[in-house]
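What follows is a set of notes on a single structure, which appears directly below.
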Amino acid sequence: MPVLDAQVAITLPDGSVRTVARGTTAAEIAASISKSLAKAAIAARIDGQLRDLALPIEQDARLEIVTDKNEADALELIRHDAAHVMAEAVQELYPGTQVTIGPAIATGFYYDFARDTPFTPEDLVKIEEKMHEIVNRNTPFTREVWARDAAIDHFKSIGENYKAEIIEDLPADQTITIYRQGKWYDLCRGPHLPSTGRVGHAFKLMKVAGAYWRGDSRNAMLQRIYGTAWRTEKELAEHLHQIEEAEKRDHRKLGREMGLFHLQEEAAGSVFWHPKGWALYRALERYMRAKLDAAGYVEVRTPQLYDSSLFRASGHWDMYGDNMFKIRESVAEDGTEKYLGVKPMNCPAHVQIFRQGLKSYRDLPLRIAEFGNCHRNEPSGALHGILRVRNFTQDDAHIFCTEDQIPTEAAEYFKLQLGVYKDLGFDKIDVKLALRPDVRAGADSVWDKAEQGLRDALRANGLAFEELPGEGAFYGPKVEFHLTDAIGRSWQCGTLQLDFVLPERLDASYVGQDGAKHRPVMLHRAILGSFERFIGMMIEHYAGKFPLWLAPVQVVVATIVSDADAYAETVAAACRKAGLRVEADTRNEKINLKVREHSLSKVPVMLVVGAREAEQGSVAIRRLGSQQQEVLALADAIAKLTAEAQPPAVSPVDDSTDSAF
RNA sequence: GCUGCCGUAGCUCAGUCGGUAGAGCGCGUCCUUGGUAAGGACGAGGUCGUUGGUUCGAUUCCAAUCGGCAGCACCA
């Protein structure tokens, strides 16, 4: 056994080294540095690991004293401890409730409880009060190491079966630690703050909802209480304010207020696009079509209904049959039923187009695009406004190419896609690579190749990415593009999927230079994802205030006096002729009201006309959000607005694109 | 799909301890012609999500069902 030094060397962040007795705690070292640091200390970072202040240091180490200035660490600790405080509060108020897990999350924490009676909003108020009480008690968190079997037996004996189960499933070499706060204690890996008082009072319980034990829908449903917690009351207030701001942007609310679309129960999960919403949709579609044309895609249109045999062959019938809309077409005399399926994606259809006629390597890459209208029978609980619907249109395309062409095609796609996101107002994009799922088609060697292919393509294009094991599609890995919106929320939109499996299953082939048949590779790709979802997201991103080229109504001509009505119609007609989406507001209302209403409905430009403008043949331009007005001659105003309303840098349509059929 | 909550006028909501309902905004008509974020008066509008049950009587109580909201699960 090696002889242990009685002293250990502690390296502080400033590079200085202190020699202290073995077993000295970080708290003691902080105290030796300064009184104020000892007071501010909430945890320690020992060799990069966040640990308890009270943990004895047994060997040479780098040490950083964590205070609430270290935002990420402080929030993590406060939230995690708030979860413990909440669990204590719940068990104190509602004996018999079992605790399970309670982690810190992005803006707060939650704890899952097993209890037969549902928690009510009134219960949350009581729990919150009790939490404040526990924080005021300021009892220290203390760490204990328990023997595994003893811990299991103990938790079973007090009826905490979920806890016992958690311990049973911990790796054999894991130290079982228990944290105590006064009379209450919980199995926990730690670390924790020095005492409950350090949690502070900047927390609030937000909601209670169901959550499956271990996230598996086959398991019992627990009750999850969510809370938010911050370092200061100010941070808490800011967060609550941000939630209110997000609610104001809700696309369901704005969609109604702006007259864009509606949903109704007779067509749950499908969108009724109103004229204004459809104008927006068409503007986006027109832009996308021009981008695809310029990028050498060919556009197609494929059927909605297919014999089930196609989806059986592709694998979708088995994988996703429960979420497909199926129609029984006939029953044969022997009882055999024949089914049709409404297409839930476009890939098998595009393979059918590829398969028409013999394809040569000279035809590749073949980029088949479709604004593909799909139906998926999403579970009722999944539906959400127009963000998650049962009928949607993908900006879908499948690139049939050779393996050699993958890097170039991927690069072209990245370029196209990042340009589109930029044009649409998004410049923060996170890239993720979703790897093979447990249930999948295709041999592992094929998956190795596909995954590596995407990694290579991402690296070659300088895109940093995070890997997500198990998240890929059943036929191939996928690159996901997550956009960050104006208020910092993340939305998964585009994907690029590399697929060696479907061409095989649906027997797609081309004749190579060697005269033999070869399998093409398929790249599945979408930039927006679906128009419905993307538009919903854009409504929230822009808070309804779209750039001029996308705005559902670009211009409103508003009259001040009814004597200007005829002139207003002239102005509106001229705008319309120039291609602007325009409305004339000649109602017998005051200009104040008109300005207010059109401002609230986010119309970017108002052309105000009164007797003076009618007389001079001019318009007073008033921009949304500005009090300024600019009086211009009608022709000048139209020229100016028309120029501004141009969609961003769309190259002209290239009609010479080779068609393979 | 699961858990919880909810479904009253176009919208936001109040109300009925069981006796068929109200407000504001919006809408219509009229007055007002007003220069950049709400001018005024009057009026119309609801079989209280649907179906069934309990009851003399249900929008109110119960059940089922459909839909919505939050979260979970799912998301080719």
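Letters A, B, ... are given to chains in the order of the sequence lines, protein chains preceding strands, and every chain is numbered from 1.
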When the [atom1] atoms of [N] and [M] are considered, how many whole Å apart are they?
N: B:U3; M: B:U20; atom1: C1'; answer: 35 Å
N: B:U8; M: B:A58; atom1: C1'; answer: 14 Å
N: B:A14; M: B:U50; atom1: C1'; answer: 24 Å
N: B:A44; M: B:G49; atom1: C1'; answer: 24 Å
N: B:A21; M: B:G46; atom1: C1'; answer: 8 Å
N: B:C13; M: B:C6; atom1: P; answer: 14 Å
N: B:G57; M: B:C69; atom1: P; answer: 37 Å
N: B:A73; M: B:U55; atom1: C1'; answer: 42 Å

Looking at A:R390 and A:E378, is there a salt bridge between them, counting it only when a charged N and a carboxylate O are closer than 4.0 Å? no
Under a 4.0 Å threshold between the charged nitrogen and the carboxylate oxygen, would A:D448 count as salt-bridged to A:R436?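 Yes, A:R436 and A:D448 are salt-bridged.
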For [X], what residues pass the ring-ring contact (aromatic ring centres under 6.0 Å, His included) criterion, not counting sequence neighbours?
X: A:F400; answer: A:F354
X: A:F325; answer: none
X: A:Y421; answer: none

Please report the distance, rounded to the nearest Å, between [atom1] in [X] and [atom2] in [N].
X: A:K594; N: B:G39; atom1: NZ; atom2: P; answer: 12 Å
X: A:Y567; N: B:U33; atom1: OH; atom2: C1'; answer: 19 Å
X: A:L205; N: B:G4; atom1: CG; atom2: C1'; answer: 16 Å
X: A:D563; N: B:U33; atom1: CG; atom2: P; answer: 11 Å

Report the residues that fulfil side chain to side chain contact (heavy atoms under 4.5 Å, CB included) with [X], sequence neighbours left out, ordered by chain and then residue number.
X: A:H262; value: A:Q264, A:F272, A:H274
X: A:T120; value: A:E122, A:D123
X: A:K640; value: A:R623, A:E630, A:L632, A:E644
X: A:V446; value: A:A443, A:F500

Can you check nucleotides 35-37 of chain B for protein contacts, nitrogen or oxygen pairs under 3.5 Å, and list what you find?
{"residue": "B:G35", "atom": "O6", "partner": "A:R612", "partner atom": "N", "Å": "3.2"}
{"residue": "B:G35", "atom": "N1", "partner": "A:E613", "partner atom": "OE1", "Å": "2.8"}
{"residue": "B:G35", "atom": "N1", "partner": "A:E613", "partner atom": "OE2", "Å": "3.1"}
{"residue": "B:G35", "atom": "N2", "partner": "A:E613", "partner atom": "OE2", "Å": "2.6"}
{"residue": "B:U36", "atom": "O2'", "partner": "A:R622", "partner atom": "NE", "Å": "3.3"}
{"residue": "B:U36", "atom": "O2'", "partner": "A:R622", "partner atom": "NH2", "Å": "3.2"}
{"residue": "B:U36", "atom": "O2", "partner": "A:R622", "partner atom": "NE", "Å": "2.7"}
{"residue": "B:U36", "atom": "O4", "partner": "A:Q629", "partner atom": "OE1", "Å": "2.5"}
{"residue": "B:A37", "atom": "OP2", "partner": "A:R622", "partner atom": "NH2", "Å": "3.3"}
{"residue": "B:A37", "atom": "O4'", "partner": "A:N592", "partner atom": "O", "Å": "3.4"}
{"residue": "B:A37", "atom": "O4'", "partner": "A:R596", "partner atom": "N", "Å": "3.3"}

All salt bridge (charged side-chain N to carboxylate O under 4.0 Å, His left out) counterparts of A:D507, not counting sequence neighbours: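 For A:D507, the residues satisfying salt bridge (charged side-chain N to carboxylate O under 4.0 Å, His left out) (neighbours in sequence not counted) are A:R355, A:R519.
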Protein-proximity profile, nucleotides 70-76 of chain B, B/S/- by nucleotide at the 4.0 Å heavy-atom cutoff, equals SBBBBBB
Identify all stems in which RNA chain B takes part, counting only runs of at least 3 consecutive pairs (Watson-Crick or G-U wobble, each distance under 3.5 Å), and give each as one range with another, ordered by first number.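 So the stems come out as B:1-7 with B:66-72, B:10-13 with B:22-25, B:27-31 with B:39-43, B:49-53 with B:61-65.
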Would you say A:D116 has more than 12 foreign heavy atoms packed within less than 6.0 Å of its CG?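 Open.
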When A:E245 is tested against each of A:R249, A:Q242, A:K248 for side-chain hydrogen bond (donor to acceptor under 3.5 Å, both in side chains), which residue passes?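 For A:E245, the side-chain hydrogen bond (donor to acceptor under 3.5 Å, both in side chains) check succeeds only for A:K248.
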Measure up the A:Y475 and A:H524 rings against each other and bin them: parallel (under 30°), tilted (30 to 60°), perpendicular (over 60°). parallel
Scanning both residues in full, the closest heavy-atom pair of A:Y111 with A:G102 reads CD1-CA, 3.6 Å
Listed pairs, N/O of protein and of nucleotides 5-15 of chain B, under 3.5 Å:
{"residue": "B:U12", "atom": "OP1", "partner": "A:R256", "partner atom": "NH2", "Å": "3.4"}

